[in-house]
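Remarks on the structure that follows.
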Number of protein chains: 2
Amino acid sequence: MATIKDVAKLAGVALSTASLALGEGGRVSPATRQKVLEAARELNYQKNGFAMDLKRSQTRTIALILSDLSGPYFSELIQSVQDFALSRGYDLIACSSVGGQDSTAVKFLREKRVDGAIVLAHNVSNEVLQESAREGFPIVVLDRVVLGDYLINVLVDGEQGGYEATKYLIEQGHRRIAYISGPVNSYDNIQRYSGYQRALSEHALQELKKWNVIGHFTQEGGFQATKMLILQGDLPEAIFYANDEMALGGMKALAESGIRIPEQVSVIGYDDIFQSQYVQPSLTTIRQPKYEAGSMAAHLLFQALEGQFVNKSYKFSVELVERNSCAPSLVRK
Amino acid sequence: MATIKDVAKLAGVALSTASLALGEGGRVSPATRQKVLEAARELNYQKNGFAMDLKRSQTRTIALILSDLSGPYFSELIQSVQDFALSRGYDLIACSSVGGQDSTAVKFLREKRVDGAIVLAHNVSNEVLQESAREGFPIVVLDRVVLGDYLINVLVDGEQGGYEATKYLIEQGHRRIAYISGPVNSYDNIQRYSGYQRALSEHALQELKKWNVIGHFTQEGGFQATKMLILQGDLPEAIFYANDEMALGGMKALAESGIRIPEQVSVIGYDDIFQSQYVQPSLTTIRQPKYEAGSMAAHLLFQALEGQFVNKSYKFSVELVERNSCAPSLVRK
DNA sequence: CTGTTAGCGCTTTCAC
DNA sequence: GTGAAAGCGCTAACAG
C-alpha cells in the first residue's frame, strides 16, 4: 500500500512537503501541491488513519455504545447523537457491547480508540467505565449512576415513570395489576419496578408474586410471560409491561387467546417506541425523552471534550401518553 | 496519560518486557509479569489502540456501513453480521453514511480504519468504493453491483420481488394497482419498480402515472403519498408499497380516512420488517433474506480477508409472505 | 527470560 | 516555500 513516502518520492519532494500539500491549510506553492496531488492520485494513495490519530492523539470521533445495535428503542437516540456530533464536525461510530467485557465496546473504551463515548449498555460494568474515563476521555452514561471524574450521568426518572403508569391504572379503577419485568438486575427495570411498588402501596394494594413475571425486555419474552399469565387462569385486570417491546409481544399473546384489549384487560407499556402508535389498539405508554436525552448527552460530552465545566448529573422526567390500550375497570366485584 | 514506557519504568523492566507481559502468550517469568501488571494497575495504564493498530497494521475490526443507523430494516442485518464477526474474533463497528462524501463512513473507508467493510448505503458512491477496496481491504456491497478487485457483491433479487408482489395482486383479480415508490434513483427502488412494470405488462395492464407516487422509503413519506392518492378521489384496488415502512405509514393514512384494508383496498409491502406482522391487519409482503444476506456478506468478507478465493457476486431470491392485508377483488365492473 | 533496537505512517517544529 | 529530523505508543525481531 502506498504511503506518503511513496507519494513524496514520486513527486520529487520531501516527505514533510507532501504531508503539507495533502493537508488543508499548508503553506506550499500551488505548483508543488499540484505535483503531490497528481502523484497521490497516480499511486491511489490513501492516508492511514491510525498513523494520523496516533500523531495527533485525537480522532474527532465519538462512540455510542449500546447493548444491542439493533433494538428499536435506540433509533431515536442514535439519531439525536448523530445530528449533534455531525454538527460539531465529529464522527460517530456505534459499537455493541454484546460479549460483555470482551466486546468491541469495551475494547474501544479501554484502548481510547475514540475521543469520548456515550454509553447505554447495561452489560458494561461500572469498573470499566470508571477506569476508562479520564482527562481527555469523558464518558456520558445514560442508564445508571456511575460516579467518577470525567463521568457524566444523564438519567431518565424511571421510578417516576413506573409510578405514573401504575397510578394511571389504579385511577382507572384497576386493583389487580400485573408487572411484566425486564431483567431483574437491570437498572431500568429496578427503577420502574420500584415505582410500581410505590404506587401500589400508596393505594394500599397488595402485590402478588404470581403476577410478576420476567419478560427480559424482549418481544418474545413478553409473549411468553403473557402466555404464562393466561395459563395461570386468573387474569389480572391490567398489565404493566416494563417496556413496549414486551407489551407488543404480550398483546399478540392476548390476541391469540381471544382476550380483548382494553375491554378484558388494560395494557400499558413503557418507552413509547415508534411502533406503539401503530399496533391495534394503539398502546398507552410512558414516553421517554429519548431524543432529548441523546441531545443532552452529546451536548455534555462535547462540553467536557472542550474542557468546559459540566454538571455531573442530569435527570429527565417522563410523561404518560394516553392511547387506546387501557380502559376504566368495570366494577366486577 | 500513562504509556507502556511508564509502566516499564515503574516495574523496573525494559519496555519490551512490559509489552510482552501485558500481551497474551508472552514468555515472561510469572514474577516479572506480576510486577508489570501491578505497575500497570497502579498507573491505571490502558493500551493505546492506534499505536497497536499502526504497528500491527491490522485492527481485527470490520465496519458495517449503513445509510442510516436507525432504520428498522437494518436490525436483522446488523445482528447477523455481528454474530458472525464475533464468532471469528473480530470486532464490528457501525458507521453511518449520513453526510455523503464527508461522512464518517467514507472516512473510515478511505483511511482504512478497519480491516474490511460491508456496505449498504446508497449514498456512498461507486468511486469511493472502488478506490478504497484493495489488497487487504475487501469490501462487500449489499445494495448494488459495483465491479472491481476486492469488491464483492451480495444481492437480493429486487426485480423478482417486485414482479411477485405485483403478480400476486393481479392474480387476486386486481387491475388497478398503484406503486408507491422509494427514491427514484435508489437501486432497490429501480429493481422493484421494474418488476412491477414487467408484471403489469405481462398481463397487458396499463401503468397509470397518477398511481405512481414517491414515498421516499419512509413511514412519513408513505403516509403522505397515500394521502395524495386518497385526495385524488380515484382509489386503486391495490397498492404496492416499495417497502414496509411506507406501507405502515400508508395503512395509517388509509385508516384515518376510514378506508378498510383489505376490503376496500389491498396493500402489499416489501422487506418484511419486524413490525409487519404486528400491524392490523398484518401486512402481506415480500420477505428479504436479510439475516441470510448479512451472514453471507460476513462470510465472504472473512474469506477475502483470509486471502481465499471468493466469487464476486451472489444473488438471493425472495419470497412472498401472505398475511391479511390483501383480499381478492370483488368484480366491480 | 529479558533488554536493545528498529520501525509502523504520519504530523510538526525548526532550520535553511 | 521546502526539507531534515524527531517522535506519537506500540510490537517484534534479534541479541544477550
Checklist entry - Under 4.0 Å between a side-chain N/O of B:Arg56 and OP1 or OP2 of D:dA12, yes or no? => result yes

Item to check | Donor on one side chain, acceptor on other, B:Ser97 and B:Asn123, under 3.5 Å | outcome: yes

Next on the checklist: Is it the case that the base of C:dT4 and the side chain of B:Ser16 share a donor-acceptor contact (distance under 3.5 Å, atom types as modelled)?
Outcome noted: yes

Item to check | d(CZ, B:Arg110; P, C:dG9) in whole Å | outcome: 19 Å

Item to check | DNA chain D: 5'-proximal contact among A:Leu15 and A:Ser29 (nearest heavy atom) | outcome: A:Ser29

Checklist outcome for this item: Taken to the nearest whole Å, CZ/A:Arg60 to P/C:dT11 is 15 Å

Item to check | Side-chain N,O (A:Ser19) to OP1/OP2 (C:dT11) below 4.0 Å | outcome: yes

Checklist entry - Which sits closer to the 5' end of DNA chain C, B:Ser57 or B:Val13, going by the nucleotide each is nearest to? => result B:Val13

Next on the checklist: If I take atom CZ in residue A:Phe50 and atom P in nucleotide C:dT11, what distance separates them, rounded to the nearest angstrom?
Outcome noted: 14 Å

Checklist entry - Quick one: which of A:Leu66, A:Leu109, A:Ile139 gives a side-chain contact (heavy atoms from CB on, under 4.5 Å) with A:Val124? => result A:Leu109

Checklist entry - For A:Thr59 and A:Asp115, does a side-chain donor sit closer than 3.5 Å to a side-chain acceptor? => result yes

Checklist entry - Rounded to whole angstroms, how far apart are CG on B:Asp53 and P on C:dG9? => result 13 Å

Item to check | hbond_proxy A:Lys55 side chain to D:dG7 base (donor-acceptor, 3.5 Å cutoff) | outcome: yes

Checklist entry - Which one, D:dG9, C:dT2, C:dT11, comes nearest to the side chain of B:Thr3? => result D:dG9

Checklist outcome for this item: Winner on side-chain proximity to A:Ala51, out of D:dT2, C:dC10, C:dT2, is C:dC10

Item to check | Of the listed nucleotides D:dT11, C:dT12, C:dG9, the one nearest the side chain of B:Leu54 | outcome: C:dG9

Checklist entry - Over how many whole Å does the gap from A:Gln58 atom CD to C:dC10 atom C1' extend? => result 15 Å

Next on the checklist: Nearest whole Å is fine: how far is D:dG9 P from B:Gln46 CD?
Outcome noted: 14 Å

Next on the checklist: Parallel, tilted or perpendicular: which one describes the rings of B:Phe84 and B:Phe302, with boundaries at 30° and 60°?
Outcome noted: parallel

Item to check | N/O donor-acceptor pair under 3.5 Å between A:Gln46 side chain and B:Arg110 backbone | outcome: yes

Checklist entry - Starting at NZ of B:Lys5 and ending at C1' of C:dA6, how long is that distance when rounded to a whole Å? => result 14 Å

Checklist entry - Quick one: A:Leu43 CG to C:dG9 P, roughly how many Å, whole number? => result 14 Å

